[in-house]
Amino acid sequence: MSVTATRLDPKFKYEVAAHPGGEEIKVCFACGVCTAGCPVSEIDPAYNPRKIIRMVLLGMREEVLKSDLLWLCINCYTCTAHCPQNVKFTNVIGALRDMAVKEGYVHPRFSGDVDEIDRFMLKLRRDMVAAAAKEKDAPAKADPQGLLDQVTGK
């Protein structure tokens, strides 16, 4: 992807930072810890949280907001947990998704579908934690697949 200076929007990073969830984006110094720990980037090498942040900071508004990559984040918060600058990338993705819908880059119904998936994933995570906490003789290392099977009733 080539960067054309005339297409850059220098205000974009400020708009993202002003949007709920995007407040910390400007403090990212591109260390890459977010990408290194991201389970999605392990499955799809095209998904790169650090690159998305850099594109926002450079002002690549259209490229970011029309990208399908915005919708791959599974809201696991691994990036947030490891970020030395406390950039809450999961929240930044939420802000970018909202902006993409409001600016007409994505059909609003698609955003609703993603919100539903996000709510399901949050409930699933909470149920898994509750199931792990209930096990009296839980091994030192929890079996995520076993917990998932227990929560989903498989």
Side-chain angles (χ1 to χ4, degrees), residues 1-130 132-133 141-142 144-145 147-148 151-152:
M1 170 185 320
S2 64
V3 178
T4 307
T6 58
R7 292 185 48 195
L8 297 179
D9 180 353
K11 294 184 240 168
F12 184 44
K13 64 184 165 209
Y14 299 108
E15 290 175 35
V16 173
H19 200 283
E23 298 86 359
E24 292 93 8
I25 192 166
K26 294 184 298 175
V27 298
C28 173
F29 56 76
C31 68
V33 172
C34 54
T35 302
C38 178
V40 176
S41 67
E42 290 180 27
I43 296 167
D44 186 347
Y47 186 74
N48 185 323
R50 177 176 65 172
K51 183 177 178 182
I52 293 169
I53 289 176
R54 298 312 299 162
M55 291 171 67
V56 170
L57 296 176
L58 286 171
M60 300 172 73
R61 172 186 227 104
E62 185 176 338
E63 291 85 353
V64 171
L65 296 181
K66 74 177 183 182
S67 175
D68 291 341
L69 297 176
L70 288 183
W71 307 97
L72 296 181
C73 176
I74 59 170
N75 293 337
C76 68
Y77 288 91
T78 301
C79 52
T80 298
H82 292 101
C83 180
Q85 290 296 100
N86 201 29
V87 176
K88 295 171 181 69
F89 181 74
T90 306
N91 296 346
V92 171
I93 281 291
L96 292 170
R97 287 175 178 174
D98 188 51
M99 292 173 75
V101 170
K102 286 180 181 174
E103 294 183 27
Y105 288 98
V106 178
H107 190 283
R109 188 180 67 78
F110 182 71
S111 179
D113 293 345
V114 171
D115 287 344
E116 186 175 331
I117 291 168
D118 289 346
R119 282 190 296 279
F120 172 78
M121 291 302 295
L122 179 61
K123 182 183 180 324
L124 181 61
R125 279 193 305 275
R126 287 181 180 160
D127 290 349
M128 288 178 71
V129 168
K141 196 165 190 159
Q145 186 59 49
L147 289 174
L148 180 60
V151 170
T152 58

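A quick note: this is a predicted structure, and the numbers were derived from the prediction, not measured.
A distance of 9.5 Å separates CZ in Arg54 from CD1 in Ile25, rounded to the nearest 0.5 Å. The distance from atom CE of Met60 to atom NZ of Lys51, rounded to the nearest 0.5 Å, is 8.0 Å. Residue Leu69 holds its CG atom at 8.5 Å from CD1 of Ile93, rounded to the nearest 0.5 Å. Between Glu103 atom CD and Lys66 atom NZ the span is 13.5 Å, to the nearest 0.5 Å. Taken to the nearest 0.5 Å, the CD atom of Glu24 stands 10.5 Å off from the CD1 atom of Ile53. Between atom NE2 of residue His82 and atom CZ of residue Phe89 there is a gap of 15.5 Å, rounded to the nearest 0.5 Å.
Here the closest heavy-atom approach between residue His19 and residue Ala95 is recorded as ND1-CB, 3.5 Å. Closest of all the heavy-atom pairs between Leu72 and Val40 is O-CG2, 3.5 Å. Among all heavy-atom pairs drawn from Val106 and Trp71, the shortest one is CG2-CZ2, 3.6 Å. Taking each heavy atom of Cys28 and Leu57 in turn, the nearest pair found is O-CD1, 4.3 Å. The minimum heavy-atom distance between Leu96 and Leu65, with the atom names listed, is O-CD2, 3.6 Å.
Asn91 places a side-chain heavy atom less than 4.5 Å from the side chain of Tyr77. Side chains of Cys34 and Val87 form no contact here, defined as non-hydrogen atoms less than 4.5 Å apart. Residues Tyr47 and Cys73 form a side-chain contact, since some pair of their non-hydrogen atoms from C-beta on lies under 4.5 Å apart. Contact of the Met99 side chain with the Phe12 side chain is registered, since non-hydrogen atoms from C-beta on lie closer than 4.5 Å. Side-chain atoms of Lys26 and Tyr14, non-hydrogen and from C-beta on, do get closer than 4.5 Å to each other. Using a 4.5 Å heavy-atom cutoff, the side chains of Leu122 and Arg126 are in contact.
A distance-only check finds a donor-acceptor pair linking the side chain of Arg97 to the backbone of Leu70 [under 3.5 Å].
Between the side chains of Asn48 and Thr35, a donor-acceptor pair is found at a separation under 3.5 Å.
Summarising the local packing, CG of Asn86 is surrounded by more than 12 heavy atoms from other residues, nucleotides or ligands at distances under 6.0 Å.
Comment: Lys11 does not engage Glu15 in a salt bridge, judged by the lack of any side-chain N to carboxylate O separation of less than 4.0 angstrom.
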